[in-house]
Student: 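Structure provided below as structure tokens; questions to follow.
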Amino acid sequence: MKPTRSILFLLALILGLAACESGRQFGSDGSGTTSPGDPDAASEILTPTEEDIITAFQYEVDKQWLEASVLYDKLAQSATQPERSSYLLKVALMYFEGGFYEEIDPYFDQLGEQDIIELDLNYRETIRAGGYLGEGKIYQSLAALPEIEEIIDYRYKALALRIRSRGVLAIGKPLESAKLRMQISQFLQTPQEIEENHDFIWDALNRISEPAMIRALAEQITYEVRGWLELNLIARRSNMLPVKMEPWIDQWYQLYGDHSAAPRYAISLLEESKRIYINPTRIALMLPFSGRLEKVAEAIQNGFLYAYYQDPEQIADLEIINASNNPAEFNLQYEQAIQDGADFIVGPIAKDLIDLLQQREQLEVPTLTLNYGNDQSETRLNLYQFGLRPEDEAVQIADYALAQGRHHALVLVPDTEWGYRLQRAFSHRFESLGGHVVDSSSYPAKKNDYSTEIKNLLNLTTSNHRKSILQQVIKEQVKFDARRRQDVDMIFIAGNSRQARLIKPQLKFHHAQDLPVYSTSHISASNSNPDDDRDLDEILFVDIPWMLDNHSNRDHQQISRLWPDESQRFSRLFALGIDAYRMIPSLRRLMINPEESLPHNTGKLSVDKNGRVKRSLMMATYEKGRAKLLEVPDTQNLAPGLPP
């Protein structure tokens, strides 16, 4: 009688554990032989198949996936059903675990119809779905995955839950993903597996907006789900500040003492808050209060000081330093600030000075610069970078346009370095996500007439040329309406408010009135006049909440009252100064959790793994000369690809 699959599995498990844990009597050369003089030698001898099972199992434990796949394939060749089917599935499973996703489909396709028995077909489709997921074919993966209830073996059921949880997370359903991961918990055994699963749940919860979380808590949900949601809400509303978090965690324990997150996760969360919370005792604000950036520095300083004095929990001393633009002098000032006791530094603004900090071997204290260095890939421990980069806005316009179904773009920018930077940022992002920049042009920034550039961009010059040729051939006047090119569905323009007011009417005059126009916040002046801005009507643009949603913003009202003139001209820089101060406690936590974001005056702010602050902006348009908020397009499903 042939051993059943369960017996073989138990044999591999028992023998594998014996080899690992009790040091089975293998020969000193590791060959697996026994000593000739051992009276129990006969009962200890393993068959070649048993030895292969043990070795394959050990390869799995050691995560040597290719080696394990080779042995399972060898076992399959000499086995009969149903064991053969199980071994063949294990080969594909090793490909999945090892990240060789592109090998899975061809592997199954080359098998015979009888190789995988009917009872194992759901397991085959589960692994196949995992391969699709690994290749980035999210929807194909979710479609191929069998219903969880139809999967009998708990190991494959856990695998299916893993795959589906990652798939639904990728398509923007974090709550569903977290719930699936909570189901996996019952199948996990080791502390490492449990910890990794809890981390996944937490990451998924961090992607849920707070309003969506509140709505979920108002519904009928399980004890397990409610406990996780409330724990995540504590982390958010405490801003991971230990002084706020500790009493709330105590209250959570009173309600959820036997929750799966209670034994370790809630306590480790509190310990993490104490570890990652930045709580400086002396801040040095290093800004250039002389030279060409003097007014910029003053606006940022005033916003920073406003936030500093408004903070009820403020305990840090503040030193303000007139930062030199000379690299050597700045270096000395930076070192002196640290010697004077600064344990957090804000500044500088100049890119070359930020590059200087990036080139240091290490930074002794956390430093938040108010601009970004030239080398985006360079990173240093304790260095955080935050600013109002125009390129960030161009990138988000690319995302939003694609999410709205625009895939063929024209680009029109001023003939300045600033304009070319935005052109590069938009084009790179747009095309990396499957869009196509059909054509681009630059216009003379200091002039008022851009008709030549616009006509060339819209192919109207070619259209008029055809008219001239036709008239020459038939030797009489032709009634002819010029037509713009029809191979585009949007135009991205860069410019200030004056330039945008000139471009939009000229686009309309040149037969492009139906072409959606996208731009950045630079078209919106702080002291805009609705009568002047009617020429901006229908332009879609992005901007910060400080500019678009400030009617109930107390900070905005106070700044306008305290600095009525400066806050008009340098409005966004005041917001930058306020946010620079308020971001300090959260910087390290956000960098550890880059999917998490916090609402601030300059946008929803997150921090990537390189310490660079990312801004998620609002979208708006002009209607009768006034900015009107629009719903932000859903960009969750954007992925690299070809335009449709």
Side-chain angles (χ1 to χ4, degrees), residues 293 296 300 348-355 358 368-379 383-403 406 409-435 437 440-443 445 490-497 499-500 517-524 539-548 572-573 575-576 579-580 594 597 600 602-620 632-633 635 638 640:
L293 294 175
V296 170
I300 294 173
I349 299 175
K351 281 180 172 288
D352 60 334
L353 298 181
I354 298 170
D355 291 341
Q358 286 183 306
L368 176 64
T369 65
L370 297 177
N371 204 340
Y372 298 85
N374 290 302
D375 189 347
Q376 297 189 32
S377 62
E378 189 70 31
T379 182
L383 182 63
Y384 304 91
Q385 300 176 56
F386 179 32
L388 305 179
R389 288 178 79 236
E391 292 94 331
D392 293 342
E393 299 185 22
V395 164
Q396 283 188 55
I397 284 294
D399 288 352
Y400 292 167
L402 286 165
R406 315 293 178 195
L410 295 176
V411 178
L412 182 63
V413 301
D415 58 354
T416 62
E417 177 54 33
W418 177 86
Y420 296 134
R421 282 166 50 199
L422 266 66
Q423 176 185 339
R424 288 192 296 269
F426 172 85
S427 300
H428 180 267
R429 179 67 172 184
F430 194 70
E431 296 195 322
S432 72
L433 293 176
V437 175
S440 59
S441 182
S442 59
Y443 61 86
M490 66 162 288
I491 180 167
F492 169 67
I493 67 170
N496 58 32
S497 55
Q499 292 161 339
V517 179
Y518 293 79
S519 192
T520 63
S521 67
H522 305 85
I523 68 168
S524 176
I539 296 181
L540 301 160
F541 69 102
V542 292
D543 209 339
I544 60 178
W546 183 266
M547 301 301 296
L548 293 176
R572 294 177 178 84
L573 296 174
L576 176 63
D579 287 358
S597 63
H600 282 283
T602 55
K604 285 185 178 177
L605 304 182
S606 58
V607 182
D608 69 16
K609 291 293 187 182
N610 291 329
R612 299 169 71 87
V613 177
K614 303 291 186 181
R615 298 181 297 133
S616 179
L617 304 173
M618 291 180 159
M619 192 172 194
V632 173
T635 59
L638 292 182

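The figures here come from the full heavy-atom set of this structure, side chains too, leaving out hydrogens, waters and symmetry mates. Values in this document were obtained by computation on a predicted structure and should not be read as measured data.
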Student: Would you say N374's side chain and K351's backbone share a donor-acceptor pair under 3.5 angstrom?
Tutor: no

Student: Would V413 and I493 count as a side chain to side chain contact (heavy atoms under 4.5 Å, CB included) if you check the C-alpha gap in whole Å, the side-chain angles of each, and the deciding distance to 0.1 Å?
Tutor: CA-CA 6 Å; V413 301; I493 67 170; over 6 Å; no

Student: Nearest 0.5 angstrom please: L412 CG to S519 OG, how far?
Tutor: 10.0 Å

Student: Go through Y518 and I491 one step at a time and tell me if the side chain to side chain contact (heavy atoms under 4.5 Å, CB included) criterion holds.
Tutor: CA-CA 6 Å; Y518 293 79; I491 180 167; over 6 Å; no

Student: Taking the six-membered ring for Trp and the single ring otherwise, decide whether the centroids of W418 and H522 are under 6.0 Å apart.
Tutor: yes

Student: Determine, stepwise, if the pair D375 / Q358 fulfils side chain to side chain contact (heavy atoms under 4.5 Å, CB included).
Tutor: CA-CA 8 Å; D375 189 347; Q358 286 183 306; 4.2 Å; yes

Student: Any side-chain heavy atom of F541 within less than 4.5 Å of one from M618?
Tutor: no

Student: Strictly below 4.0 Å, N to O, side chains only: are R424 and E417 in salt-bridge contact?
Tutor: yes

Student: Listed by chain and number, what are the salt bridge (charged side-chain N to carboxylate O under 4.0 Å, His left out) partners of D608, not counting sequence neighbours?
Tutor: K614

Student: Going from OG1 on T602 to CD1 on I544, what distance comes out if it is rounded to the nearest 0.5 angstrom?
Tutor: 6.0 Å

Student: Do you know the tightest heavy-atom contact between G603 and P545?
Tutor: N-CD, 3.3 Å

Student: Can you measure from CD1 (I300) to CG (D579) and round to the nearest 0.5 angstrom?
Tutor: 11.5 Å

Student: One pair to check against side chain to side chain contact (heavy atoms under 4.5 Å, CB included): Y372 and F386. What are the steps and the verdict?
Tutor: CA-CA 7 Å; Y372 298 85; F386 179 32; 4.2 Å; yes

Student: D543: what forms a salt bridge (charged side-chain N to carboxylate O under 4.0 Å, His left out) with it, not counting sequence neighbours?
Tutor: R572

Student: Hey, does the side chain of Q385 reach the backbone of L370 with a donor-acceptor pair shorter than 3.5 angstrom?
Tutor: no

Student: Do S427 and V411 touch side chain to side chain, with heavy atoms closer than 4.5 Å?
Tutor: yes

Student: Under 30°, 30 to 60°, or over 60°: which ring-plane class applies to F426 and F492, parallel, tilted or perpendicular?
Tutor: parallel

Student: Using atom types as modelled and distance alone, determine if a side-chain donor or acceptor of Q396 lies under 3.5 Å from a backbone N or O of R615.
Tutor: yes

Student: Does a donor on one side chain sit under 3.5 Å from an acceptor on the other, for E393 and S521?
Tutor: yes

Student: Pick from L388, L293, I354, L353: which one makes a side-chain contact (heavy atoms from CB on, under 4.5 Å) with N371?
Tutor: I354

